[in-house]
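Reading through the structure tokens given below for one structure.
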Amino acid sequence: MARVVRIFKTLRNHWKKSTVGFCLLAYGSHWMYGKHCDNLLRRAACEEAQVFGNHRILPNSAIKKATVFLNPAACKGKARTLFEKNAAPVLHLAGIDITVVKTDYEGQAKKLLELMEKTDLIIVAGGDGTLQEVITGLLRREDQASFSKVPIGFIPLGGTNTLSRTLYPERENKVQQITEATLSILKGETVPLDVLKIKGEQDQPVFAMQGIRWGSYRDASVKASKYWYLGPLKARAAHMFSALKEWPQQHQASILYLGPAERPPEEPEQKPTRPPLHVRIYRRLALYWSPPKVEVPAEPVPEPWEEAQLSAVEVSITTQNHQPDLMRTLDSMSISIEPDTISKGEFIHLGAQKMADPLLHPGDSQVLLASRCSLHLPQGTEGHFSIDSEEYEAMSVEVTLLPRKLHFLCHPTRKQELLQSPTATGQS
């Protein structure tokens, strides 16, 4: 008992050291418990992947091959470690023959996609920028019509992983998020997503899964990292200094657009069976003896283009991939024109919110639904676009919606939610 009393007296006499010691002990215990939980998540994921790997391969079938595009620079240089510790063991245990392609510089994935041979599965391990490079390289191929049918898996390893909110349930734990995404790739459930084709005046087209942003909110958000020392106030500081530097902030342009287009019928997954020989002979003879059909040239129907002059604080053209409607009958992209009549306080407040959710728009924004559009900027316009969080020089562009162009692997429960969502029962 006397020993215990002496210990408490020592702690009381040296209370500063005792406080620091308790804080370090609590932090260390919490860190070790977190590592233990991460190891349990990895073990559970590997055990589930082992079930896929234990399936017998039929004599006529081959091992599924997957090509992984890994950006080691993503997530502040931690992407390679995250992939090798959390995703690679799951893929190997599942019996998939993976080829890992590590990108060394910006734009390399586009070039590698143009030279890549046929594969059963494409996996993107990175963030929004890596994904945008991969789909751009894929859709620039000459055989993109057939290559775009290859399912695509997305392992969220970047600083911004916007598409992961559509494909997987949201998780705060990074290890759980990566392992669940990898297991979803193994389960094979896919969801068709739209793509935007963005063509400048001279450059090759760029393809985007989310959209294109041009305006003051985008410019201020890019500069927010300069005020890192302000912590959670850096977003407000960036927008405040932007408002003090120039006000009002107006972006003027003209836009031509076509309304939503009717969804074409889906292609059958299996080819129709070949008719019997006598049916094919009869059809050929009927075609041979029938008189030639005289085709009357149809007059071209002018497309109903609409024009709008805009003056806005920001303009964004986005897909519906943040909440896809799998049952809709009209395909469209959203053109959001945010008014430039807001006050400085509203600009700072809304700008800080848009840092977390770029799709957030004020209630008085003008929203146009279109299948194609042309954004014409005035001569000498300076600044930059953000296309899927990647920076491009601002110029006049043509944007075309490619509906259901790519098929992404998703979590089974997430697909059920999309099929059962209220928007899935209506029409766009």
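Counting non-hydrogen atoms of other residues, nucleotides and ligands closer than 6.0 Å to CD of Gln250 gives a total above 12. Heavy-atom contacts from other residues, nucleotides or ligands closer than 6.0 Å to OH of Tyr33 number 12 or fewer. The neighbour count for Lys118 NZ, taken as heavy atoms of other residues, nucleotides or ligands under 6.0 Å away, is above 12. Applying the 6.0 Å contact sphere to NZ of Lys344 captures more than 12 heavy atoms from other residues, nucleotides or ligands. Within 6.0 Å of atom CD in Glu391, more than 12 heavy atoms from other residues, nucleotides or ligands are found, so the atom counts as buried in its surroundings. Within 6.0 Å of CD in Glu142 there are 12 or fewer heavy atoms belonging to other residues, nucleotides or ligands. Other residues, nucleotides and ligands place more than 12 heavy atoms under 6.0 Å from the CD atom of Gln309.
The cationic group of Lys223 does not satisfy the cation-pi geometry with Phe241, failing either the under 6.0 Å distance to the six-membered ring centre or the 45° limit from the ring axis.
Annotation for Glu338 and Leu350: closest pair OE1-CD2, 4.2 Å, computed over non-hydrogen atoms. The two residues Thr413 and Pro169 make their nearest non-hydrogen contact at OG1-CG, 4.2 Å. Closest heavy-atom contact between Ile348 and Arg236: CG2-O, 3.8 Å. Nearest heavy-atom pair across Ile155 and Phe83 is CD1-CE1, 4.2 Å. Here the closest non-hydrogen pair linking Ser316 and His361 is OG-CE1, 3.4 Å. Minimum interatomic distance between Ala109 and Val134 (heavy atoms only, all atoms of both residues): CB-CG2, 4.2 Å.
Formation of a donor-acceptor pair under 3.5 Å by the Asn39 side chain with backbone atoms of Lys35 is found in this model. Of the possible polar contacts, none joining the Asp388 side chain to the Asp128 backbone as a donor-acceptor pair under 3.5 Å is found. Checking side-chain atoms of Thr182 against main-chain N and O of Ala87 turns up no donor-acceptor pair under 3.5 Å. A side-chain donor-acceptor contact under 3.5 Å links Arg141 to the backbone of Leu113. Between the side chain of Gln176 and the main chain of Asn173, no donor-acceptor pair closer than 3.5 Å is present. A donor-acceptor contact shorter than 3.5 Å links the side chain of Thr119 to the backbone of Leu121. Side-chain atoms of Lys65 never come within 3.5 Å of backbone atoms of Asp97 as a donor-acceptor pair (strictly under, hydrogens ignored).
One distance of note links CD1 of Ile123 with CG of Leu70; it measures 11.0 Å at 0.5 Å rounding. Rounding to the nearest 0.5 angstrom, the gap separating the NZ atom in Lys415 from the NZ atom in Lys187 is 14.0 Å. Annotation: the span from Leu131 atom CG to Glu390 atom CD amounts to 10.5 Å, rounded to 0.5 Å. Considering CZ of Arg328 and CG of Asp331, their distance stands at 4.5 Å, rounded to 0.5 Å. Between the NZ atom in Lys110 and the CD atom in Gln204 there is a gap of 9.0 Å [rounded to 0.5 Å]. Rounding to the nearest 0.5 angstrom, the gap separating the CG atom in Leu258 from the CG atom in Leu256 is 9.0 Å.
Side chains of Ser386 and Arg218: a donor-acceptor N/O pair is present below 3.5 angstrom, by distance only. A donor and an acceptor atom, one from each side chain of Thr179 and Asn86, are nowhere located under 3.5 Å apart. Side-chain contact, Gln210 with Thr319: no donor N or O sits under 3.5 Å from an acceptor N or O. With 3.5 Å as the limit, one finds a donor-acceptor pair spanning the side chains of Gln50 and Asn54. Judged purely by distance below 3.5 Å, without hydrogens or angles, the side chains of Gln108 and Lys102 never pair a donor atom with an acceptor atom. Side-chain contact annotation: Thr166 with Asn321, donor-acceptor N/O pair under 3.5 Å absent. With hydrogens and angles left out, the side-chain atoms of Glu180 and Tyr168 include no donor and acceptor closer than 3.5 Å. Under 3.5 Å, the side chains of Ser242 and Gln249 contain a donor-acceptor pair of N or O atoms.
Side-chain contact between Ser148 and Leu138: present, with at least one pair of heavy atoms (C-beta onward) separated by less than 4.5 Å. Side-chain contact between Glu114 and Arg140 is present, with at least one heavy-atom pair separated by less than 4.5 Å. The shortest side-chain heavy-atom distance between Ser184 and Cys410 does not fall under the 4.5 Å cut-off. Counting heavy atoms from C-beta on, the side chains of Val100 and Ile98 come closer than 4.5 Å. Arg213 places a side-chain heavy atom less than 4.5 Å from the side chain of Lys354. In this structure, Gln177 and Glu170 have side chains that are not in contact, with every pair of non-hydrogen atoms separated by 4.5 Å or more. By the 4.5 Å heavy-atom criterion applied to side chains, Gln132 and Val206 are counted as neighbours. Using a 4.5 Å heavy-atom cutoff, the side chains of Thr103 and Thr130 are not in contact.
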Ile335 vs Cys373, test: side chain to side chain contact (heavy atoms under 4.5 Å, CB included). Steps then yes/no. CA-CA 9 Å; Ile335 304 172; Cys373 73; 4.0 Å; yes
Starting from the C-alpha separation in whole Å, work towards a yes-or-no answer on side chain to side chain contact (heavy atoms under 4.5 Å, CB included) for Val101 and Thr67. CA-CA 7 Å; Val101 180; Thr67 303; 4.0 Å; yes
Test side-chain hydrogen bond (donor to acceptor under 3.5 Å, both in side chains) applied to Gln320 and Ser334, step by step: CA-CA 7 Å; Gln320 308 289 344; Ser334 298; 3.0 Å; yes
Checking side chain to side chain contact (heavy atoms under 4.5 Å, CB included) for the pair Leu193/Lys405: CA distance, chi angles, key distance, verdict? CA-CA 6 Å; Leu193 296 180; Lys405 184 64 177 176; over 6 Å; no
Apply side chain to side chain contact (heavy atoms under 4.5 Å, CB included) to the pair Leu163 and Phe408, showing each step before the final yes or no. CA-CA 10 Å; Leu163 195 64; Phe408 279 80; 3.7 Å; yes
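A perpendicular orientation is assigned to the rings of Tyr227 and Tyr229, their planes being inclined by more than 60° (bins at 30° and 60°).
Just one residue in the list His251, Glu246, Glu314 forms a side-chain contact (heavy atoms from CB on, under 4.5 Å) with Asp219, and that residue is His251. Of the residues listed (Gln416, Glu417, His411), the one engaging Arg414 in a side-chain hydrogen bond (donor to acceptor under 3.5 Å, both in side chains) is Glu417, and it is the only one.
With ring centers used as reference points, His384 lies 6.0 Å or more from Tyr392.
Taking a cutoff of 4.0 Å between a charged side-chain nitrogen and a carboxylate oxygen, Arg43 and Glu47 do not qualify as a salt bridge.
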